[in-house]
Amino acid sequence: MSDEPAPPLAETPYGPEAAPAAPSAPPEGVQRQRLHPLTPLLESFRFLTAAAAAAGLQAFTSRNFLFALYIALAAAVIGGIASLIALQYRGFVIWGRELHIYGGVFTRSHRTVPLDRLQSVDLVRPIRARLFGLAQLNIEVAGGDGTDARLAYLKADRALALRAELLAIAGRPAAPVAEAAESETGTEAEAVPDRDAGLLVPQLTVRRLALASFLEVLPVQLTFLAVFGTAFAVTGSIFGFTTVATTLWVGFLAPALVGYAQSTIAAVNRFLRNGRFRIARDGTNLLIQRGLTDTSHETVPVDRVTGVSFVEPVLWRSRQWKRVEVWTAAVAQQSATATRSTTALPVGEPDQVALVAAEAVPDLPSVFETERPPLRAKWRMPLRWKKTGAALTERAFVVRHGLWVNVHVAVPYARIQSVRVTQGRIQRMQGLATVRAMAAGGVGHDAVAVHRDAREAVAMASELRDRADAAAALERPRLS
């Protein structure tokens, strides 16, 4: 060991000069942009509606209308004061390349949205906001868990301007939003003379959407009525209809009716959500506008689509109708219990389905030939065996499943992040295995080929890895 002292440290570090770090938050005193004064009241709309209904019911039963009036006035005063206090702490600031969102009264919150990772800014107008000419912005960031931030509510024109500003800072093209202008009478005027101008497919008519929604939910409801009607008739003839009616209603029929009502409400909500559906292509984005009561304008970046689903309910097959759903990287990263997709076409004919699928994933077909699992796997899924299959097409890995609803899931090879082969104890005895291809960020939405021959499954997984690596290597920028 040398006894010479160590050389002195340099006054400045070697290497390129480091850029000064950007401040993590706006300095004190920066003026926050406020939300609309009606925001707290609109966000508590459901609570206020329930309170008004309860007060009205109490007034009707007790005949004390003056008491209900006092309750309504007190709620209005308290709600107004609470709204004014809440607005003092709510707002947002655009500082550099970040969006800072503030909120909370007793518990303060400060959320930072990096605009460098901005994926889309969707304009949503619930019916309660449309009554006052307001809108909200749903901001999604790449890698986020669904909608990462929400600005509600703003004047519609201000929301459009803010949307364009955020996209400009992020360096993404601001796709136009064909938002109808509000007239003095409150009616909406068409933004363009031809409602189908510039659209990929003609605007979906209310008649077709209503028929499709009815045909989709009809098998479930008919099965429900047939099963319960038969059970009631048989047991009633044996034990007496009065006894059976009381027993069934308390123990089984009443809870089941809740599920029946939920199915009906879900179908109605789907119809209202997809009314006046329009889809167009602008550069690298799919622009989707929908809604009868609550309107929304969504942007789907084509370069982040990780999968496409083709859904075909049983009563749609005679008409050759299908629904097209697309999955994007940000949406796919939600938890398995909260996954959702963006409907790219609520219902369409074969040529429309093919066009939308090719726009979402270039060169992706809409009709697939899949190979069924081996015959020895039929006992494991006797009703679904004929409707189950998998195939390696030229562009994507495709799996098929379903019984009442036939579903094809196509995952482009460039979006496959990992491939896994699993084999349960009974599968091992039968020489079967399952192949699971996981898309980029795809928690809860994988392409799964179930009960394949074990040797075929290993070969399929190897081929998937090779094709995925080759396709991803050619992609710029690489998502997977």
Side-chain angles (χ1 to χ4, degrees), residues 16-27 30-33 91-102 110-124 135-152 154 156-179 198 200 279-289 296-306 326-333 342 344 359-362 412 414-415 417 439-441 472-480:
E17 182 179 356
S24 58
V30 174
Q31 184 66 30
R32 299 179 186 177
Q33 300 187 49
F92 61 94
V93 174
I94 300 176
W95 185 256
R97 302 185 66 82
E98 293 178 339
L99 172 66
H100 298 264
I101 303 176
Y102 301 88
H110 174 196
R111 190 170 191 178
T112 302
V113 179
L115 298 181
D116 290 332
R117 297 169 54 196
L118 186 67
Q119 176 168 300
S120 65
V121 182
D122 297 333
L123 184 73
V124 180
Q136 74 180 38
L137 294 179
N138 291 340
I139 303 169
E140 289 189 356
V141 179
D145 186 7
T147 299
D148 293 279
R150 185 172 67 96
L151 292 177
L154 301 166
D157 54 350
R158 187 185 179 199
L160 288 172
L162 180 60
R163 174 181 179 271
E165 182 180 357
L166 294 176
L167 291 173
I169 295 175
R172 301 188 66 93
V177 175
E179 178 67 16
L200 292 180
I279 181 171
R281 177 72 180 263
D282 180 74
T284 59
N285 298 319
L286 291 177
L287 309 180
I288 298 175
Q289 176 181 343
S296 65
H297 301 265
E298 305 170 41
T299 303
V300 179
V302 175
D303 58 353
R304 300 195 65 84
V305 173
T306 60
V326 297
W327 300 77
T328 56
V331 174
Q333 288 180 354
T342 299
E359 291 291 340
V361 177
R415 298 295 183 254
Q417 191 172 43
L474 299 175
E475 186 182 51
R476 295 293 184 274
R478 181 169 178 172
L479 177 62
S480 58

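Every value quoted in this text rests on a predicted model; they were computed, and no experiment measured them. Along the sequence shown, residues are numbered consecutively beginning with 1.
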A.B. asks: Return the NE2 to CD1 distance between His297 and Ile288, rounded to the nearest 0.5 Å.
C.D. replies: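 Nearest 0.5 Å value for the NE2-CD1 distance: 12.0 Å.
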
A.B. asks: Which atom names give the shortest non-hydrogen contact between Glu98 and Pro114, and what distance separates them?
C.D. replies: CG-CA, 4.5 Å

A.B. asks: Using side-chain heavy atoms (C-beta onward) and a distance below 4.5 Å, is Ile94 in contact with Leu162?
C.D. replies: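 Answer yes - side chains close enough.
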
A.B. asks: Give, for atom OG1 of Thr299 and atom CZ of Arg163, the distance between the pair rounded to the nearest 0.5 Å.
C.D. replies: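 One finds 4.5 Å between OG1 of Thr299 and CZ of Arg163.
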
A.B. asks: Using every non-hydrogen atom in the two residues, find where Val93 and Gln31 come nearest and quote the distance to one decimal.
C.D. replies: CG2-O, 4.0 Å

A.B. asks: Rounded to the nearest 0.5 Å, what separates atom CG in Leu151 from atom CG in Leu166?
C.D. replies: 7.5 Å

A.B. asks: Holding to salt bridge (charged side-chain N to carboxylate O under 4.0 Å, His left out), I want the full list of residues that pass it with Asp157, two or more places apart in sequence or in another chain.
C.D. replies: none

A.B. asks: Below 30° counts as parallel, above 60° as perpendicular, anything between as tilted: where do the rings of His100 and His110 land?
C.D. replies: tilted

A.B. asks: How close do Phe92 and Tyr102 get, counting heavy atoms only, and between which atoms?
C.D. replies: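 Closest pair (atom of Phe92, atom of Tyr102, distance): CA-CD1, 4.4 Å.
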
A.B. asks: Got a sec, which residues hit side chain to side chain contact (heavy atoms under 4.5 Å, CB included) with Ala360, two or more places apart in sequence or on another chain?
C.D. replies: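 Ala360: side chain to side chain contact (heavy atoms under 4.5 Å, CB included) contacts with Leu286, Val308, Val326.
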
A.B. asks: State whether a side-chain donor-acceptor pair under 3.5 Å links Glu140 with Asn138.
C.D. replies: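 Side-chain D/A pair, Glu140 to Asn138: absent.
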
A.B. asks: With rounding to the nearest 0.5 angstrom, report the CG to CD1 distance, Leu287 to Ile279.
C.D. replies: 8.5 Å

A.B. asks: Could you go step by step and tell me if Val302 and Asn285 meet the side chain to side chain contact (heavy atoms under 4.5 Å, CB included) rule?
C.D. replies: CA-CA 5 Å; Val302 175; Asn285 298 319; 5.9 Å; no

A.B. asks: To the nearest 0.5 Å, what is the distance between CG (Leu137) and CD1 (Ile139)?
C.D. replies: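 Between atom CG of Leu137 and atom CD1 of Ile139 there are 6.0 Å.
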
A.B. asks: Is it the case that the side chain of Thr306 and the backbone of Trp327 share a donor-acceptor pair, with hydrogens and angles ignored and the cut-off at 3.5 Å?
C.D. replies: yes

A.B. asks: Once salt bridge (charged side-chain N to carboxylate O under 4.0 Å, His left out) is applied, do any residues pair with Arg158, and if so which ones, sequence neighbours excluded?
C.D. replies: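 Expected list: none.
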
A.B. asks: Please report the shortest heavy-atom distance between Ala156 and Ala135, naming the atom on each side.
C.D. replies: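 Shortest heavy-atom separation between Ala156 and Ala135 comes out as CA-CB, 4.3 Å.
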
A.B. asks: On a heavy-atom basis, which atom in Glu298 and which in Thr342 lie closest, and how many Å separate them?
C.D. replies: OE1-CG2, 3.4 Å

